[in-house]
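Since we're looking at a predicted model, the values are computed, not measured. Chain identifiers are assigned alphabetically (A, B, ...) following the order of the sequence lines, protein sequences preceding nucleic acid strands; residue numbering begins at 1 within each chain.
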Amino acid sequence: MIKITFPDGTQREYNDGITGLEIAEQISPRLAKEVYAATVNGELRDLTRPIDNDATLKLHKWEDEEAKHAFWHSSAHLMAEALEAVFPGMKFGIGPAIENGFYYDVDPGEGKVITEADLLIVENKMKELASKNLTYTRRNVSKKEALEVFEAKGDEYKTELISELLDGTISLYSQGNFTDLCRGPHLPSTEPMKAIKLLSIAGAYWRGDEKRRMLTRIYGITFPKQKLLDEYLVFLEEAKKRDHRKIGRELELFTFSQNVGMGLPLWMPKGSDIRQNLINFLTGVLRKRGYKIVTTPHIGNVNLYKTSGHFEKYGADSFQPISTPQEGEQFMLKPMNCPHHCEIYNATPHSYKELPLRMAEFGTVYRYEQHGELHGLTRVRSFTQDDAHHFCRHDQLRAEFKSIIELILYVFKVMNFDNFSAQVSLRDPNNKQKYIGTDENWEKAERDIIEAAAEMNLKTTVVEGEAAFYGPKLDFMVKDAIGRKWQLGTIQVDYNLPERFELTYNGSDNQKHRPVMIHRTIFGSMERFVAVLIENTSGKFPLWLAPEKAVILPISEKFNDYAAKVLEILNNSDICTLIDERSEKIGKKIRDNELKRIPYLLIIGEKEVENETIAVRKQGEGDQGSMKIEEFVDFINSEIKKEIAF
RNA sequence: GCCAGAGUAGCUCAGGGGUAGAGCACUUCCUUGGUAAGGAAGGGGUCGGGGGUUCAAUUCCCCCCUCCGGCUCCA
């Protein structure tokens, strides 16, 4: 007999070799139908794998990520079987579960392509196979045997993967007519896969290496109930409506023109107002926190970037330098603000007493992004960073770093961004030549970041190989409407630029010392930030950011004179207000202006003219009753104050 | 840059080898109204660009551009 301990602490005895599924069945047949995987002694496993010793056991239902993972991983195998049935000779790369569903990278063979039209055929085949309730079986094999299986099949991708595995750790999973190299775990059978949908098709380099063959990646998702799939598809539809590119066009916030060039955003008046509201807000915050605002040119001498190291690292992948016509001096479009800021630092001598020095700029930079990368406002070739550089003494670094974390959290709170994640990005320990600087400085900088984040109780994930070439960083990521993660704020420790630019300060010992630099942004770029803001709010901006605060809707043209008077008062009170004088009925005017997401609709008719009031209607919430004009001005101002006071 | 798909009016989209379509938006007129779509008329297109096939191409073929979904990249 073995003793099984459940998550609530209760213990029960079972026969040796009992499976998680059998335990679930003994608890209740219904539970057995709802569990998809088990964690045994902390290890995620198949439900059908025997348990031989005393163990802790957690059974995973759909709500658990572990269950979804097994469900979708098994679905990827099912898709592979269907692909093999529909396209004989198909070769298989990798096919993992992902956050929402699964994919499989496949090679249909030389000259053959899989198109979107094929997805339905494969999907139907999957449904047919799933309805057969195929069971998943696990088999441990030797490396030799594993290689033989896939060599026989002619699947060079699998043999490449196996050749890198350790003998004794290799398992194969089979269902129906399909066998795959896989660590598992998997569902007991295809029986729970009630709803299946293949979503899209894309190219993906084998092993993420652009020098290797491009495979065809097929994305899909499955659910235990049709209703869940329907809900997911509705979610995707709703997300599309929040796409900042769509809302940006509808609300006339920004545009792109082929005549200007791809990836070069044109801010229209309303978008520009939002952008300016953000800049004004942040400038106020920065001044309170001791930042000095600077302004630098959009170009800089090539030598500046040779000094910084950016030219060596990115020169070939940048907009190429422009030259002066007579001297042939070369200038680059500014890809970064930091070298300019270093030069400002160097323009005057510095005492240890004046550090930390915090230098901020809303600096527009230009980077050549590959054309397939461009994406609305989130990935562009010209963008304005809310950039700042902190020059500090080593003994100030930790406190300075922490104060920036605090600042970012504050700004995100004002913005109502509560679903961000924080990522510590370290250098790739196996690929150190990608980075500049000494091991000692890197180790110090990485330790500084990890410890500062810990001291701020910031929950982070740590990713190796994601650091900037000159230093490690702490990134703040926010998701867009359909769950893609974008980096907004970033804090980067840099010991290298101070060396390269020979930055110094006079210490209390009257000797020259090297300061350390922190690069940081909060919004990241105005472009990306506005994009994420649009998707978070569906274009219903908070009052303080809204480019237009109110619109006056006269019930008929008879009231236009009074409306004009109200308009003048509000605009003179700095409340940007419009007027809708069309000869439309009030219902139509309300609808049209609600769709424009204007925060307040002010309705004016006979009653309002008589009483010198306005009937206030709040966007999305309806009639708020009437107010005197001055009352409304005070009301708006106090609402705005509330929104940005924390 | 790579793989796949798309591009028709300002927007959303239908169509299809032989005179270019709808809804919304826009202009004018009628209507002057009380909290999410009043009515009528009208203007607007080199069907992304360039080649080719054809008596005839927006439609079929080729090349390019841009956009969309991914991959790679992201100072």
Side-chain angles (χ1 to χ4, degrees), chain A residues 103 105 113-119 199-219 240 243 245-246 249-250 252 255-259 261-263 305 308-315 317-318 334-339 365 367-376 378-381 385 387 435-436 466-471 473 482 484 486-487 490 492 494 497 519 528 553-560 582-595 601-608 615-626:
Chain A
Y103 68 78
D105 284 350
V113 289
I114 304 172
T115 65
E116 285 184 20
D118 297 321
L119 291 186
L199 297 166
S200 64
I201 196 161
Y205 298 110
W206 170 232
R207 314 208 78 176
D209 185 344
E210 64 181 325
K211 291 182 191 69
R212 304 197 64 177
R213 187 173 172 80
M214 181 157 272
L215 305 182
T216 303
R217 176 168 296 180
I218 302 172
Y219 287 91
K240 263 191 210 161
D243 190 316
R245 293 166 297 191
K246 180 178 159 65
R249 190 164 49 230
E250 285 168 359
E252 298 176 357
T255 188
F256 291 90
S257 160
Q258 290 184 33
N259 297 324
M262 59 168 136
Y305 306 104
S308 70
H310 290 104
F311 187 80
E312 190 194 347
K313 181 78 182 172
Y314 294 106
D317 297 319
S318 297
K334 176 167 74 173
M336 287 288 289
N337 302 303
C338 35
V365 296
R367 297 180 185 173
Y368 172 78
E369 303 284 3
Q370 299 187 101
H371 99 262
E373 282 307 332
L374 300 173
H375 183 97
T378 53
R379 197 77 188 268
V380 287
R381 288 177 170 174
Q385 293 180 311
D387 206 0
Y435 308 91
I436 59 173
E466 292 287 310
F469 76 97
Y470 51 77
K473 52 183 185 161
I482 64 167
R484 286 177 292 219
W486 298 97
Q487 176 202 305
T490 181
Q492 313 179 352
D494 184 0
L497 280 191
H519 307 242
R528 181 174 287 180
L553 311 182
I555 282 181
S556 90
E557 286 166 11
K558 283 188 285 192
F559 311 113
N560 281 357
R582 294 175 303 163
S583 68
E584 293 289 353
K585 289 170 115 172
I586 195 66
K588 169 76 164 166
K589 291 191 191 183
I590 288 170
R591 178 182 155 76
D592 287 350
N593 288 287
E594 286 272 351
L595 289 175
L601 311 189
L602 309 177
I603 293 157
I604 281 172
E606 201 170 349
K607 269 186 291 178
E608 286 72 26
V616 177
R617 189 190 155 98
K618 190 171 180 185
Q619 127 96 253
E621 291 180 25
D623 196 354
Q624 308 284 302
S626 48

When you compare G49(B) with A36(B), how far apart are their C1' atoms, in angstrom units rounded to a whole number? 42 Å
Can you tell me if K558(A) touches the phosphate of G33(B), counting only side-chain N or O atoms and a distance under 4.0 Å to OP1 or OP2? yes
Between C60(B) and C29(B), how far apart are the C1' atoms? Round to whole Å, please. 47 Å
Can a side chain N or O of Y314(A) be found less than 4.0 Å away from OP1 or OP2 on A75(B)? yes
Would you indicate what I586(A) reaches in the nucleic acid, counting non-hydrogen atoms under 4.0 angstrom: base, sugar-phosphate, or nothing? sugar-phosphate
Ranking A75(B), C73(B), G1(B) by distance to the side chain of R379(A), first place goes to C73(B)
Between C2(B) and A75(B), how far is it from one C1' atom to the other, in whole Å? 23 Å
Go through C338(A) and H310(A) one step at a time and tell me if the side-chain contact (heavy atoms from CB on, under 4.5 Å) criterion holds. CA-CA 10 Å; C338(A) 35; H310(A) 290 104; 3.9 Å; yes
V113(A) and T216(A), any side-chain heavy atoms less than 4.5 Å apart: no
So that I can compare with my own list, what are the stems of RNA chain B, taken as at least three consecutive Watson-Crick or G-U pairs with distances under 3.5 Å? B:1-3 with B:69-71, B:5-7 with B:65-67, B:10-13 with B:21-24, B:26-30 with B:38-42, B:48-52 with B:60-64
Which nucleotide, C65(B), G33(B), U35(B), lies nearest any side-chain atom of I555(A)? G33(B)
Taking only side-chain N and O atoms of R367(A), does any of them lie within less than 4.0 angstrom of OP1 or OP2 on C74(B)? no
Please report the distance separating the C1' of U19(B) from the corresponding atom of G33(B), rounded so that it comes out in whole Å. 43 Å
Mind checking if K313(A) touches a base, just sugar-phosphate, or nothing, with heavy atoms under 4.0 Å? nothing
Does G587(A) reach a base, just sugar-phosphate, or nothing at all? Heavy atoms under 4.0 Å. sugar-phosphate
At under 4.0 Å between heavy atoms, what does Y103(A) touch on the DNA or RNA strands: base, sugar-phosphate, or nothing? nothing
Do K211(A) and Y205(A) make a side-chain contact, defined as non-hydrogen atoms from C-beta onward lying under 4.5 Å apart? no
Using the C1' atom as the reference point in each nucleotide, state the distance between C71(B) and G10(B) in Å, no decimals. 34 Å
Please report the interatomic distance CZ(F469(A)) to CD1(I436(A)), rounded to the nearest 0.5 Å. 5.0 Å
Check whether any side-chain N or O of K607(A) sits under 4.0 Å from OP1 or OP2 of G33(B), and answer yes or no. no
Could you check whether any side-chain heavy atom of I555(A) comes within less than 4.5 Å of a side-chain heavy atom of I604(A), counting everything from C-beta outward? no
Are side-chain heavy atoms of R381(A) and L374(A) found at a separation under 4.5 Å? yes
Do E594(A) and A36(B) share a donor-acceptor pair, side chain to base, under 3.5 Å? yes
Base G1(B) paired with Y205(A) side chain (donor-acceptor, <3.5 Å): yes
Over all strands shown, is R617(A) touching base, sugar-phosphate only, or nothing at heavy-atom distances under 4.0 angstrom? base
Please state the C1' separation for the pair G69(B) and A56(B) - nearest whole angstrom. 38 Å
With a 4.5 Å cut-off on side-chain heavy atoms, are F559(A) and E608(A) touching? no
Identify which nucleotide among A4(B), A75(B), G33(B) has an atom closest to any side-chain atom of I201(A), counting heavy atoms from C-beta outward. A4(B)
Taking any heavy-atom pair under 4.0 Å as a contact, classify T216(A): base, sugar-phosphate, or nothing. nothing
Just the atom pairs and distances: protein N or O near nucleotides 10-16 of chain B's N or O, under 3.5 Å.
from   : atom 1 : to      : atom 2 : distance (Å)
U12(B) : OP1    : R249(A) : NH2    : 2.9

Nucleotide C74(B), atom C1' - distance to CD of Q385(A) in whole Å: 12 Å
Of the candidates C71(B), G69(B), G33(B), the side chain of S556(A) sits closest to G33(B)
Please classify the nucleic acid contact of G208(A) as base, sugar-phosphate, or nothing, using heavy-atom distances under 4.0 Å. sugar-phosphate
On RNA chain B, does the nearest nucleotide to G376(A) precede the nearest nucleotide to K588(A) from the 5' side, or the other way round? Give the residue. K588(A)
Minimum-distance nucleotide to I482(A) side chain [options: G70(B), G5(B), U66(B)]: G70(B)
Measuring to OP1 and OP2 of A75(B), would you say a side-chain N or O of H310(A) lies under 4.0 angstrom away? no
D105(A) CG to C2(B) P, in whole Å, measures 19 Å
Please work out which of the three classes, parallel, tilted or perpendicular, describes the rings of H375(A) and W486(A), given edges at 30° and 60°. tilted
May I ask you to verify whether the side chain of S583(A) and the base of U31(B) hold a donor-acceptor pair under 3.5 Å? yes
Just verifying a value: how many Å separate K473(A) NZ and Q487(A) CD, rounded to the nearest 0.5 Å? 4.5 Å
Heavy atoms only, 4.0 Å cut-off, all strands: where does E606(A) land among base, sugar-phosphate and nothing? base
Decide yes or no for T115(A) and I201(A): does some side-chain heavy atom of the first lie under 4.5 Å from some side-chain heavy atom of the second? no
Is the shortest side-chain N to carboxylate O distance from E606(A) to K558(A) below 4.0 Å? no
Heavy-atom nearest nucleotide on RNA chain B for V616(A) versus E557(A): which residue maps closer to 5'? E557(A)
When the P atoms of C68(B) and C11(B) are considered, how many whole Å apart are they? 14 Å
Using a 4.0 Å heavy-atom cut-off across all strands, classify V113(A) as base, sugar-phosphate, or nothing. sugar-phosphate
Look at D243(A) together with R245(A) and state whether they make a salt bridge at an N to O cut-off of under 4.0 Å. yes
List the steps, then state whether side-chain contact (heavy atoms from CB on, under 4.5 Å) holds for K589(A) with R582(A). CA-CA 8 Å; K589(A) 291 191 191 183; R582(A) 294 175 303 163; 4.2 Å; yes
Quick check for you: among A36(B), G5(B), A75(B), whose closest atom lies nearest to any side-chain atom of Q492(A)? A75(B)
Considering every strand and a 4.0 Å limit on heavy-atom distances, what is the contact class for R484(A): base, sugar-phosphate, or nothing? sugar-phosphate
Would you indicate what Q370(A) reaches in the nucleic acid, counting non-hydrogen atoms under 4.0 angstrom: base, sugar-phosphate, or nothing? base
Please work out if M214(A) contacts a base, only the sugar-phosphate, or nothing of the nucleic acid, heavy-atom cut-off 4.0 Å. base
Taking atom P in both C47(B) and G18(B), compute the distance separating them and give it to the nearest angstrom. 15 Å
Are I590(A) and I603(A) close enough that some pair of their side-chain heavy atoms sits under 4.5 Å apart? yes
Report yes if at least one side-chain N or O of H375(A) is closer than 4.0 Å to OP1 or OP2 of G69(B); otherwise report no. yes
Ignoring the backbone of E608(A), work out which of C71(B), G34(B), U66(B) is nearest its side chain. G34(B)
Base, sugar-phosphate alone, or nothing: which one does A202(A) contact when heavy atoms must sit under 4.0 Å apart? base
To the nearest Å, give me how far apart CH2 (W206(A)) and C1' (C71(B)) are. 14 Å
Please work out if Y470(A) contacts a base, only the sugar-phosphate, or nothing of the nucleic acid, heavy-atom cut-off 4.0 Å. sugar-phosphate
